[in-house]
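Protein chains get the first letters and strands the later ones, always in sequence-line order, with residue 1 at the start of each. Computed from heavy atoms alone, side chains included, the values below leave out hydrogens, waters and symmetry copies. What you see is a predicted model; the values in this text were computed from it and never measured.
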Protein chains: 4
Amino acid sequence: MSQYQSIKEQAYEANMELPRLGLVLFTFGNVSVVDRKAGVFAIKPSGVPYEYLTPEQIVIVDFDANVVEGAQRPSSDTKTHAVLYKHWESIGGIVHTHSTYATAWAQAQRDIPIFGTTHADYLTVDIPCAPPMSDEMIEGNYEHQTGFQIMDCFKERNLSYKEVEMMLVGNHAPFTWGKTAEKAVFNAAVLEEVARMALLTEQIRPDAPRLKETLIRKHFERKHGPDAYYGQSNSKI
Amino acid sequence: MSQYQSIKEQAYEANMELPRLGLVLFTFGNVSVVDRKAGVFAIKPSGVPYEYLTPEQIVIVDFDANVVEGAQRPSSDTKTHAVLYKHWESIGGIVHTHSTYATAWAQAQRDIPIFGTTHADYLTVDIPCAPPMSDEMIEGNYEHQTGFQIMDCFKERNLSYKEVEMMLVGNHAPFTWGKTAEKAVFNAAVLEEVARMALLTEQIRPDAPRLKETLIRKHFERKHGPDAYYGQSNSKI
Amino acid sequence: MSQYQSIKEQAYEANMELPRLGLVLFTFGNVSVVDRKAGVFAIKPSGVPYEYLTPEQIVIVDFDANVVEGAQRPSSDTKTHAVLYKHWESIGGIVHTHSTYATAWAQAQRDIPIFGTTHADYLTVDIPCAPPMSDEMIEGNYEHQTGFQIMDCFKERNLSYKEVEMMLVGNHAPFTWGKTAEKAVFNAAVLEEVARMALLTEQIRPDAPRLKETLIRKHFERKHGPDAYYGQSNSKI
Amino acid sequence: MSQYQSIKEQAYEANMELPRLGLVLFTFGNVSVVDRKAGVFAIKPSGVPYEYLTPEQIVIVDFDANVVEGAQRPSSDTKTHAVLYKHWESIGGIVHTHSTYATAWAQAQRDIPIFGTTHADYLTVDIPCAPPMSDEMIEGNYEHQTGFQIMDCFKERNLSYKEVEMMLVGNHAPFTWGKTAEKAVFNAAVLEEVARMALLTEQIRPDAPRLKETLIRKHFERKHGPDAYYGQSNSKI
């Protein structure tokens with residue numbers, strides 16, 4: 001049995017959640033799970049339909065995107081995952097989807113405005129949309145550079161990946177992450193729902209105002225602050 | 001066996017209806033059921049996924065939001081439920097969701113206009129949207145104050161909670177109630193559908209007029225007036 | 001066994017198709033089936049949830065809306081069905097729903113423009129929306145008058161109920177019919193899909209033109225003309 | 001056993017995928033599979049509901065649209081399929097649906113703009129919408145002429161059917177194709193999702209710009225170029 005059996009199974013389970021949550025059509029998505037001690041992560045093989053996926057097919061890759069174990073070719077987005085794991089040292093899982101509403105905002109190259117408490121329960125800022133990459137970055141090592149495009153966006157805006165666990169890459173699609181792959185998948189579903197509600201809100205009222213700061217703080221802190229009182233004390237998410 | 005077994009089971013069943021009706025993502029919702037004689041209500045524990053919820057986990061709370069029975073922490077919205085039960089003496093159940101379309105109207109801070117008979121079958125006025133709370137209310141006892149924000153909205157507009165069993169809290173999300181938790185859940189689904197139809201109606205015709213008074217009266221009275229002829233005489237809803 | 005057993009079972013089956021096709025929430029719809037020889041029709045009882053409905057509960061009513069057989073109260077829309085069966089002598093079944101998109105067009109009080117061949121496969125004109133009824137009609141025998149509102153709309157526009165088997169009642173919702181209840185249910189689903197496509201078409205292009213006459217004729221006639229070549233010769237629909 | 005048993009079963013399986021993927025209501029779609037050596041193709045019978053369809057009912061037709069084997073009448077769109085197989089010599093399967101979003105773009109008579117990488121993963125141009133046919137073409141051999149309308153659109157725009165495997169017929173609905181029927185069905189689902197995302201993108205930002213050329217090239221080539229690195233080397237799609 002592989003020494004990476006545990007993260008392979010976690011990656012398998014987390015990947016299988018994407019179609020159950022309606023976040024992917026065919027193979028348009030991938031989840032990875034990291035093993036920090038071993039310095040590797042487990043990721044979905046490229047282009048394998050979910051109904052045929054097995055834990056054995058999950059590929060083990062190091063932080064320079066070299067395949068360590070596995071007969072399949074890893075996800076074409078593997079280099080993006082590798083860059084993020086290498087530089088963002090406390091994340092445990094990453095999700096990439098082309099979920100419908102989040103992708104539409106990415107295609108529109110707009111941040112998703114914070115309109116309500118559903119959004120504020122998870123983050124205190126608009127969901128950032130990184131601009132499309134420069135031609136040099138695209139024509140170079142594309143997926144590798146996508147990781148830097150994500151990190152550069154966070155640096156420029158002075159955001160912490162520990163507090164904001166979701167974003168959009170302009171013209172492309174969303175990425176989410178978290179301390180575990182389970183949390184990253186949860187964030188992918190929250191992002192899709194928040195993206196849908198924001199579009200509907202603007203349709204109902206084109207000049208809808210952003211949520212006021214006191215409500216933003218209150219909702220975020222009741223879930224995530226030092227005196228959080230949402231959920232059970234032993235909850236994983 | 002708990003003396004509150006009956007309301008625990010009712011609360012469990014009513015909570016489980018929310019995902020079946022497509023009204024909640026993950027744990028974004030809660031239902032409570034009151035026992036007026038005992039002066040307590042049964043409510044969902046905070047942050048517990050529906051697939052793992054059991055009747056035993058339901059928490060018993062009094063009208064001052066003190067936990068009377070139960071090992072789990074109650075819903076973070078418990079104080080709002082407590083205020084409403086304390087002041088609105090004929091309601092038997094309360095539902096809070098973040099259902100997509102109703103929440104989008106709440107985020108737009110607009111009442112839902114009465115455009116058709118689907119709406120008029122249940123209430124004779126636009127579905128009210130309370131304004132976002134003042135900073136003082138938010139920074140104080142937030143969920144407790146949310147209950148007063150709901151009641152203040154009804155007082156200002158001279159509405160009766162016995163006739164209007166649904167509303168929106170601006171920037172937040174919908175609340176519904178009824179003589180039973182079953183009816184409150186029914187109202188939550190009706191509200192979501194009416195919210196969706198109203199958005200589509202404005203998209204088809206931005207200046208769509210409100211329903212005229214004669215039709216509003218007729219439809220409401222055939223279901224709820226003294227000579228109601230909708231449904232069976234022994235119907236619970 | 002009831003002499004009306006056959007239409008009771010047909011009405012039961014046709015009613016049960018509505019939730020399967022996603023055309024109703026809770027009990028917001030009804031289907032009836034006529035027995036022309038006996039001068040009666042079978043209709044859903046009022047307000048009975050689909051999951052509890054049985055063929056035995058179906059109510060038998062004559063063309064003046066008197067109950068002939070059945071322990072339950074018939075649908076509150078029974079008088080509308082009765083008027084249509086009495087005056088439109090070749091229809092075999094009627095459906096009333098509050099399906100989302102068709103109801104939104106009714107609430108907007110607009111005909112559904114014929115934008116494409118999906119629409120033209122079933123009718124050659126815009127789907128008519130009758131204006132809301134006069135106050136006199138509403139305050140009188142409401143559901144009875146609804147039947148006349150439908151027929152008046154067809155007379156004014158010189159439409160034949162044999163060629164146009166679907167319409168909207170302004171501010172209210174759709175009605176469809178056909179030679180059989182099965183066909184009337186089919187029409188209800190077609191109407192909902194055509195209503196949805198028409199809304200999306202206007203969103204993509206606000207000044208989208210109506211389909212040109214040659215295409216309207218061609219598509220309708222290949223399904224319904226004397227030389228129709230769509231479907232099998234023994235097809236029921 | 002029929003000498004065409006293999007393509008009959010392939011056509012049956014591919015047709016059954018359409019309702020599973022949510023691409024058809026009732027019988028509004030058809031898939032065909034070609035046998036180039038035998039000079040025939042297998043196509044769905046006209047108007048047969050998917051739940052009653054069997055492999056034995058699939059009809060075998062030659063490239064002049066003559067029935068070679070089968071008791072049922074073939075799809076009313078058979079002549080369009082025949083023309084395309086005759087002139088586009090490397091396609092193995094064709095799909096026609098009235099899927100909701102793609103049909104709405106066809107009704108709006110607009111090309112679907114390339115807004116993001118989801119689109120660019122499959123083609124490098126806007127998805128073409130052929131203009132509605134001339135009255136002469138419609139009143140002549142309609143479905144036969146539809147095939148030429150599709151091919152003329154590709155000629156005028158200098159597109160290759162080998163690179164662009166999907167398009168819209170104005171006022172009508174989409175057609176897709178591919179080396180296999182399985183691929184053609186895959187393309188029909190991709191088209192519907194891309195059509196939906198493009199509509200949402202314009203709703204979020206009416207002046208959303210097209211994807212820039214470097215990103216178009218990069219995404220297409222990582223899936224389809226000589227150095228493609230998406231998917232497994234033995235993948236069928």
Side-chain angles (χ1 to χ4, degrees), chain C residues 17 20-23 101 112-122 182-183 185-219 221-225 227-237, chain D residues 24-29 45-49 52 57 59 71-79 97-113 129 131-143 145-146 168-173 195-196 198-200 202-203 206:
Chain C
E17 275 297 300
R20 280 183 213 129
L21 287 163
L23 298 174
Y101 287 86
I112 303 177
I114 183 167
F115 282 135
T117 61
T118 318
H119 183 140
D121 279 341
Y122 298 99
E182 194 184 353
K183 180 72 194 305
V185 170
F186 178 89
N187 286 335
V190 168
L191 168 56
E192 179 65 5
E193 180 66 8
V194 166
R196 189 177 174 210
M197 283 179 177
L199 168 53
L200 296 172
T201 300
E202 292 195 345
Q203 289 180 335
I204 294 168
R205 182 175 167 186
D207 66 341
R210 289 177 81 254
L211 192 60
K212 61 182 180 175
E213 279 303 313
T214 42
L215 265 173
I216 291 174
R217 290 280 146 213
K218 184 67 193 182
H219 265 263
E221 285 173 6
R222 74 177 202 164
K223 277 207 175 173
H224 306 280
D227 302 316
Y229 50 97
Y230 180 89
Q232 307 302 326
S233 49
N234 60 346
S235 166
K236 277 182 295 183
I237 286 175
Chain D
V24 292
L25 174 68
F26 298 125
T27 61
F28 302 4
S46 182
V48 174
Y52 302 124
Q57 291 175 318
V59 187
Q72 309 274 324
R73 190 186 280 173
S75 164
S76 57
D77 299 298
T78 295
K79 288 177 182 172
T97 77
H98 286 227
S99 67
T100 309
Y101 287 86
T103 301
W105 282 91
Q107 293 191 160
Q109 300 178 38
R110 283 187 58 196
D111 297 351
I112 303 176
C129 179
M133 291 155 71
S134 70
D135 288 356
E136 290 70 31
M137 289 173 88
I138 293 165
E139 285 164 353
N141 194 343
Y142 176 58
E143 290 83 6
Q145 294 293 348
T146 300
L168 310 172
V169 175
N171 276 153
H172 186 33
R196 189 177 174 208
L199 167 53
L200 296 172
E202 293 196 344
Q203 289 180 335

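- Summarising the geometry of C/M197 relative to D/A104, their closest heavy-atom pair is O-CB, 4.1 Å, with the distance given to 0.1 Å.
- When the side chain to side chain contact (heavy atoms under 4.5 Å, CB included) test is applied to D/P131, the partners found at least two apart in sequence or on another chain are D/Q149.
- Atom CG of residue D/L199 and atom CD of residue C/Q203 lie 5.5 Å apart, to the nearest 0.5 angstrom.
- No hydrogens or angles considered: nothing links the side chains of C/T214 and D/E139 as a donor-acceptor pair under 3.5 Å.
- Looking at D/T27, the atoms closer than 4.5 Å to chain C (heavy atoms on both sides) sit in the backbone and in the side chain alike.
- In this structure, OG on D/S99 lies 9.0 Å from CD on C/E193, to the nearest 0.5 angstrom.
- Taking both residues in full, the closest heavy atoms of C/I204 and D/A108 are given as CG2-CB, 3.6 Å, listed atom of the first, atom of the second, then distance.
- The closest side-chain heavy-atom distance from D/H98 to C/T117 is below 4.5 Å.
- The two atoms that bring D/D135 and C/K212 nearest to each other are OD1-NZ, 3.2 Å, heavy atoms only.
- Electrostatic pairing of D/D77 and C/R222 counts as a salt bridge here, judged by a charged N lying under 4.0 Å from a carboxylate O.
- Interface remark: D/T78 contributes no atoms to any contact with chain C (heavy atom separation under 4.5 Å).
- Rounded to the nearest 0.5 Å, atoms NE2 (C/H119) and OG1 (D/T103) are 14.5 Å apart.
- Contact annotation for D/V48: only side-chain heavy atoms (C-beta onward) come within less than 4.5 Å of a heavy atom of chain C.
- The structure places NZ of C/K218 at 6.0 Å from CD of D/E143, a figure rounded to the nearest 0.5 Å.
- When the shell of 6.0 Å around CZ of C/R205 is examined, it contains more than 12 heavy atoms from other residues, nucleotides or ligands.
- Atom CD of C/E202 is separated from atom CD of D/Q107 by 10.5 Å, given to the nearest 0.5 angstrom.
- For the pair D/M133 and C/L215, the minimum side-chain heavy-atom distance is 4.5 Å or more.
- The main-chain N or O of C/F115 is found under 3.5 Å from a side-chain atom of D/N171 such that the two form a donor-acceptor pair.
- With rounding to the nearest 0.5 angstrom, the CD atom of C/E221 is 12.5 Å from the OH atom of D/Y142.
- Annotation: ring-ring contact (aromatic ring centres under 6.0 Å, His included) contacts of C/Y122 (sequence neighbours excluded): C/F186, D/F28.
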